[in-house]
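Here is the structure we will look at, set down as structure tokens.
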Amino acid sequence: MATEQQTQEATPEAASAGKSESLTVTDNRTGKTYELPIEDGTVRSMDLRQIKVDPDEFGMLAYDPAFTNTASCRSSVTYIDGDAGILEHRGYSIAQLCENSTFLEVAYLLIFGELPTGPQLDRWTFDITHHTFVHEDLKHLFEGFRYDAHPMGMLLSGVGALSTFYPDAKQIDDPEERYMAAVRLIAKVPTLAAFSYRHNMGFPYAYPDNELNYAENFLSMMFKKTEARHIPKEALSKVLDVLFILHADHEQNCSTNAVRGVGSSGVDPYSAVAAGVAALYGPLHGGANEAVLKMLRRIGSPDEIPDFLERVKQREEKLMGFGHRVYKNYDPRARIIQQHIDEVFEATEYNPLVEIARELEKRALDDDYFTSRKLYPNVDFYSGIIYEAMEIPTNMFTVLFTIPRTAGWVAQWMEMQEDPETKIARPRQIYTGARDLTYTPVAEREGPEKIVGPPARRPKRPRRGA
Ligand code: ACO
């Protein structure tokens with residue numbers, strides 16, 4: 001930690017340029033100057049604590065409500081350069097991985113840090129394939145949900161419930177338990193995801209088929225009817241595998257931060273991953289592709305696009321599926337999805353929304369209003385259209401995001417376990433409330449007449465069978 005007026009040693013490069021790898025801060029309240037070491041382009045927030053006016057005070061904090069400029073960990077899983085439109089996992093570009101790899105291989109890469117050898121991949125694939133079944137009691141848990149329960153709510157409960165079936169996963173320091181939790185999570189989340197869909201549809205749950213690959217098995221569990229075996233069209237299972245690769249990890253976002261934050265308490269990985277599922281359920285995180293579909297339906301035909309774009313410029317509408325907090329260039333994932341869209345439509349029924357989407361993209365990219373604001377299509381612009389073509393209902397879109405992201409959450413959770421700097425996450429606050437009030441007994445209290453309570457009740461949903 002830096003101390004007041006401490007001089008830092010410079011790196012050879014910095015020293016030769018007459019520069020020091022430190023930040024000099026002057027507190028204008030006291031006139032004191034502090035040197036804070038810079039490492040990897042960051043200063044440690046704890047180094048601010050020494051800055052105080054009075055020796056008895058707590059010391060300076062950094063205020064960053066949405067972690068918009070705060071690194072919360074060191075990670076070697078995923079690299080993103082938003083300005084350059086780069087996404088890499090363990091050093092491999094997302095384009096190379098989508099071109100050459102499979103989702104299960106990418107999951108291995110994320111979790112273990114290197115591409116597997118042939119025998120390693122065979123073992124990993126075997127282990128995942130042979131842990132896709134869930135305990136029958138979990139099926140009964142799903143049967144207890146209402147017929148119209150949101151599939152993300154059911155999946156969230158199912159993932160949390162897994163911790164009760166595997167209590168040994170609490171031994172988070174045991175490498176074998178960690179491995180088994182990684183395998184079980186990646187293997188069983190698709191099974192629970194498909195159960196949630198079939199529960200909504202009123203179909204009997206379909207069990208996994210170990211002869212199929214990961215994406216095929218998921219589509220089989222979704223769509224199998226009376227046939228002895230459901231083998232999905234190759235074009236669809238291949239594109240789904242690419243979509244799984246594209247969504248496998250995206251470094252420290254809301255849900256990954258939730259997994260790490262909850263996991264930092266030492267809880268088992270199923271419970272930590274359930275926190276990630278809950279975070280992804282939020283419309284600001286996992287729900288944009290659904291909003292893209294609604295927007296395309298509202299536009300209705302390519303002729304309406306100029307009017308729609310005009311309304312966007314007047315800020316009456318938002319161009320959903322465009323723009324990204326990190327990518328201020330083309331989202332590399334959107335470029336890859338685009339390459340696969342024709343394969344999907346050759347294998348499915350024609351969907352007029354694609355025509356609208358393509359024309360909308362073309363016009364927006366020709367328009368200075370969007371390019372000057374660095375608004376390019378993001379991963380969600382086309383993924384919803386592909387899911388819809390596969391006959392996956394919109395309320396399942398976030399569930400389809402959860403399946404591959406489970407691998408990323410597991411990788412980040414594993415990395416956190418190995419990190420010597422890991423501690424229970426415990427942010428600070430700036431307290432803005434009252435202090436030192438004197439308690440008044442209820443009979444002596446005076447206050448506003450208005451009774452605080454819930455707003456007037458809305459009519460109830462009809463119950464099943466009502
Ligand atoms: N449509 C129209 N204008 C937009 C859009 C959009 N989709 N996105 C940003 N802008 C405008 C803003 O109004 C702003 O204009 P101004 O400078 O004239 O005020 C400018 O572009 C810069 O936008 P910011 O608000 O700074 O962008 P920010 O990084 O905060 O927002 C976000 C990123 C939330 C993704 C935004 O672009 C958006 O809402 N997009 C639509 C929703 C969407 O597609 N989300 C999915 C993201 S990908 C994912 O989560 C997997």
Side-chain angles (χ1 to χ4, degrees), residues 64-69 78 80-87 89 94 98 152 242-258 276-299 305-338 353 356-357 360-387 394 396-409:
D64 189 3
F67 300 132
T68 48
N69 196 40
T78 293
I80 297 176
D81 180 339
D83 290 331
I86 293 173
L87 168 61
H89 295 312
I94 192 69
C98 287
M152 272 303 272
V242 168
L243 281 164
F244 282 170
I245 296 175
L246 291 176
H247 288 89
D249 193 58
H250 214 231
E251 55 121 299
Q252 307 311 312
N253 46 66
C254 176
S255 56
T256 304
N257 184 57
V277 182
L280 201 61
Y281 195 178
L284 296 185
H285 195 5
N289 49 10
E290 189 176 338
V292 171
L293 276 190
K294 285 185 183 151
M295 173 189 76
L296 295 175
R297 285 203 188 97
R298 234 180 21 251
I299 295 173
I305 292 173
D307 273 1
F308 173 77
L309 289 179
E310 208 38 56
R311 289 203 299 281
V312 173
K313 292 183 197 173
Q314 299 304 321
R315 294 172 191 267
E316 292 164 18
E317 293 266 10
K318 203 164 204 182
L319 182 47
M320 297 310 291
F322 263 62
H324 196 278
R325 175 57 59 80
V326 178
Y327 296 118
K328 297 302 178 192
N329 193 320
Y330 215 99
D331 179 340
R333 300 169 299 173
R335 208 185 290 280
I336 294 166
I337 293 193
Q338 230 187 354
L353 295 184
I356 302 174
L360 187 59
E361 177 183 12
K362 191 166 154 290
R363 284 183 183 255
L365 294 181
D366 277 345
D367 191 322
D368 185 56
Y369 179 91
F370 298 99
T371 49
S372 65
R373 287 172 174 77
K374 301 190 179 213
L375 296 174
Y376 299 97
N378 59 48
V379 68
D380 288 320
F381 190 66
Y382 282 113
S383 63
I385 302 174
I386 292 181
Y387 292 147
T394 43
M396 282 291 289
F397 288 3
T398 316
V399 170
L400 266 95
F401 190 161
T402 309
I403 294 171
R405 186 53 59 86
T406 299
W409 292 330

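Start at 1 and go down the list; that is how both ligands and their atoms are numbered.
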Side-chain donor/acceptor pairs under 3.5 Å, residues 278-286, sequence neighbours excluded:
| from | atom 1 | to | atom 2 | distance (Å) |
| --- | --- | --- | --- | --- |
| H285 | NE2 | S255 | N | 3.3 |
| H285 | NE2 | S255 | OG | 3.0 |

Expected output: side-chain D331 to main-chain P377 donor-acceptor under 3.5 Å =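 Not a single qualifying donor-acceptor pair exists.
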In chain order, what residues pass the side-chain hydrogen bond (donor to acceptor under 3.5 Å, both in side chains) check against R363, with sequence neighbours excluded?
->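 Partners of R363 by the side-chain hydrogen bond (donor to acceptor under 3.5 Å, both in side chains) criterion, ordered by chain and then number, come out as E359.
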Which is it for F381 and H324 under the ring pair (Phe, Tyr, Trp, His ring centres under 6.0 Å) test, yes or no, and what are the steps along the way?
-> CA-CA 11 Å; F381 190 66; H324 196 278; over 10 Å; no
Hey, could you give me each pair passing salt bridge (charged side-chain N to carboxylate O under 4.0 Å, His left out) that has a residue in residues 319-329? Not counting sequence neighbours.
->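 Those involving residues 319-329 do not exist here.
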According to the interplanar angle, ranging from 0 to 90°, do the rings of F370 and F322 count as parallel (below 30°), tilted (30 to 60°) or perpendicular (above 60°)?
->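 Aromatic pair F370/F322 classed perpendicular.
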Amino acids contacting ligand 1, non-hydrogen cut-off under 4.0 Å =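 Heavy-atom contacts below 4.0 Å: H285, A288, V312, R315, K318, L319, M320, G321, F322, G323, H324, R325, K328, R373, L375, N378, V379, D380.
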